[in-house]
Protein chains: 2
Amino acid sequence: MNLRDLRYLLAVAEHGHFGRAAEACGVSQPTLSVQVRKLEELLGVALFERTSKAVAPTAACERLLGHVRMAVAEADSILAVAANLRDPLAGRFRLGIIPTLAPYLLPLVFAALKDALPALEVEPWEDQTTALLDRLRAHELDAALLATAVDGPDLASEVLFDEPFLAALPPEHPLAARAVVAEEDLAEDMLVLAEGHCLRDQALAACGRGGALGGALRAASLSTLLNMVAAGYGTTMIPGLAAGAAQDVGIVLRPLAAQAGRTVRIAWRARYPRRSAVDAVGEVIAARLRGFAAGATAGTI
Amino acid sequence: MNLRDLRYLLAVAEHGHFGRAAEACGVSQPTLSVQVRKLEELLGVALFERTSKAVAPTAACERLLGHVRMAVAEADSILAVAANLRDPLAGRFRLGIIPTLAPYLLPLVFAALKDALPALEVEPWEDQTTALLDRLRAHELDAALLATAVDGPDLASEVLFDEPFLAALPPEHPLAARAVVAEEDLAEDMLVLAEGHCLRDQALAACGRGGALGGALRAASLSTLLNMVAAGYGTTMIPGLAAGAAQDVGIVLRPLAAQAGRTVRIAWRARYPRRSAVDAVGEVIAARLRGFAAGATAGTI
DNA sequence: TCGCGGCGATAGGCATTCCCTATAACGGCA
DNA sequence: TGCCGTTATAGGGAATGCCTATCGCCGCGA
């Protein structure tokens, strides 16, 4: 059974006339007659009582018409809904973001995303890298913003921007007297995030420390870490975008001698069909960051 | 858009696997792949994210699935309802019957109709000939039982049985003394039905009276007419099947010399597609009447 | 590291279906 | 009786659908 035939049936029932029904359907009268006859044979039921002056639906046809109308209406709504869904730059876009990036990047780019992609409903999801990758692979995210390269042929990624690390020091710390701090010098009393944060590993690697520190002070969030540094518990290494938040709590920032940093990427499933949405989101973020970096290097730091 | 493609879509969504979905649909995997891809192109929306290990529906697909399921379900119910309607000997059958026949024929044939055609819901509709023909032509009746021939090429009819008229006399009437009454002798004080009843015209014609009678006594129904005759207002001519009812009110019945009578036919629209139902109903009635006539001639009269 | 196997995509050939134009058949009407 | 309007039928050509065979991709294990 074909939806087209059902439309033919409705047209004949509506017009009571094969010729006009055919015209309404945009086909010739013989075509429509043949198809209706075939539908009658398929259903095993006479649908119309034909005379040369009128075409009347049979009782069986009347009983079927409701279902036919429903089926055609549903088919039409499939087309209508699909038309609304057609724009890949519209609809939900679940974007995973690592915790050391989200609070500092989102305020920066959210307005720009709304501006550039008004129909895209970006839903941020904050979690650590491995959790984000799991969700991404499970189709629970459309893309993710990470500070690490992604592995595996099922995922793809693109670099959005490089983010330098900064030495974060209590004002009274000896290193605060220097204009530039060497990464290795931070290692002495550096505080780090809890396990699972990529920033923890990157900070340790940057200052030449492979393993974890002995102390019990491992902050669950970058915000906590900043407060701990401000309180004089030690030093740390923060990503550039967190500079504002660090200064807000009275932390002294210094550039790093070897210019340690991290690269922020947007990642997606290699087979993800809305690639253009990923590209668009990535480009908006990258463009916003290019502007910000220019301002930041000239100003704050 | 084709219903078949929608079924393919549902199968892929359900199995998450083109090969198994194709097997479930009874087609080859390439066929199903091609059709799903064409559906995606038609809708302008990617429906599945394909990898070599899994096929996941996209968000757009999820949004569409409900409508697709509805459309397919409606299509299935069209087939199911049609299957139930397929038997022409099932369903409503609106049967018009003239008033001088209905009360006497129906008790006789109703049980037989239920027996022989249990799935046919025969709905009697009592009205005069012209009204029945109007309703028949308006598709408001499936067939009609008439005592006249039908005209016009849009209608067809078949004889079911011949029904003799009988002279109906008050017991004290002079003619009641005779064994056989001549039609012309009844004309003297014959009562007739109101205009519109075919029996009125046929009775008048049988006794050689072309026009109407002068008196004001024109019964609206045969039942009334019988009561009037029983009360001694005059004589009349009744159809054979009403014999029982006439005797119940104390009327004397006599055969007519020229064997006047009427022919009962079943009529239907020439293009009516459920011809077999008409034939079946007609045959049941005719068969029942053959049996009854044999008993009647041997017994009552 | 190199086949191997599973899976979806693609290609080419064949059958069916669909649609068109032309025309027949039928009934109504003047 | 011939004409007109309507539906049915016939035949040819195009499009669609389906099949088998094969490719390309990817993960896995020897």
Between the side chain of A:Arg262 and the main-chain N/O of A:Leu146, is any donor-acceptor distance below 3.5 Å? no
Whole-Å gap separating [atom2] ([N]) and [atom1] ([X]):
X	N	atom1	atom2	answer
A:Glu23	D:dT7	CD	C1'	16 Å
B:Arg269	C:dC26	CZ	C1'	18 Å
A:His15	D:dT7	NE2	C1'	17 Å
A:Phe48	D:dT7	CZ	C1'	13 Å
B:Leu39	C:dA9	CG	P	14 Å
A:Leu42	C:dT16	CG	P	18 Å
A:Gln35	D:dT9	CD	P	14 Å
B:Glu41	C:dT10	CD	C1'	13 Å

Side-chain donor-acceptor pairs under 3.5 Å in residues 55-64 of chain A, sequence neighbours left out?
from	atom 1	to	atom 2	distance (Å)
A:Thr58	OG1	A:Ala46	O	2.7
A:Thr58	OG1	A:Leu47	O	3.3
A:Thr58	OG1	A:Cys61	N	3.1

Look at all strands and tell whether B:Gly26 reaches a base, only sugar-phosphate, or nothing, counting heavy atoms closer than 4.0 Å.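 Sugar-phosphate, backbone atoms only, no base.
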Just the atom pairs and distances: protein N or O near nucleotides 3-8 of chain C's N or O, under 3.5 Å.
from	atom 1	to	atom 2	distance (Å)
C:dC7	OP1	B:His17	NE2	3.2
C:dC7	O5'	B:His17	NE2	3.3
C:dG8	OP1	B:Phe18	N	2.8
C:dG8	OP2	B:Phe18	N	3.4
C:dG8	OP2	B:Gly19	N	3.1

Look at the side-chain N and O atoms of B:Thr31 and state whether any lies under 4.0 Å from the OP1 or OP2 oxygen of D:dG17. no
Under 4.0 Å between a side-chain N or O of A:Ser28 and OP1 or OP2 of C:dC20? yes
In numerical order, the residues of residues 4-12 of chain A whose heavy atoms come under 4.0 Å of DNA chain C are A:Arg4, A:Tyr8
Determine whether more than 12 heavy atoms belonging to other residues, nucleotides or ligands lie under 6.0 Å from atom CD of B:Gln29. yes
B:Leu6 vs A:Ile78 side-chain heavy atoms within contact, under 4.5 Å: yes
Where the side chain of B:Lys38 is concerned, which of D:dT9, D:dT16, C:dC18 is the nearest nucleotide?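 Within the option list, the nearest is D:dT16.
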Which residues pass the side-chain hydrogen bond (donor to acceptor under 3.5 Å, both in side chains) test with B:Asp76, sequence neighbours left out? B:Arg7
Applying side chain to side chain donor-acceptor pair (under 3.5 Å) as the test, list every pair that has at least one member in residues 146-157 of chain B; sequence neighbours left out.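 The answer is B:Arg137-B:Asp154.
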Who passes side-chain contact (heavy atoms from CB on, under 4.5 Å) against B:Thr130, sequence neighbours left out?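 side-chain contact (heavy atoms from CB on, under 4.5 Å) check on B:Thr130 returns nothing, list empty.
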Derivation of the salt bridge (Lys or Arg N to Asp or Glu O under 4.0 Å) call for B:Arg20 and B:Glu23: CA-CA 5 Å; B:Arg20 281 192 287 278; B:Glu23 191 179 2; over 6 Å; no
Could you please spell out the steps behind the salt bridge (Lys or Arg N to Asp or Glu O under 4.0 Å) verdict for B:Glu41 and B:Lys38? CA-CA 5 Å; B:Glu41 280 163 17; B:Lys38 287 170 76 171; over 6 Å; no
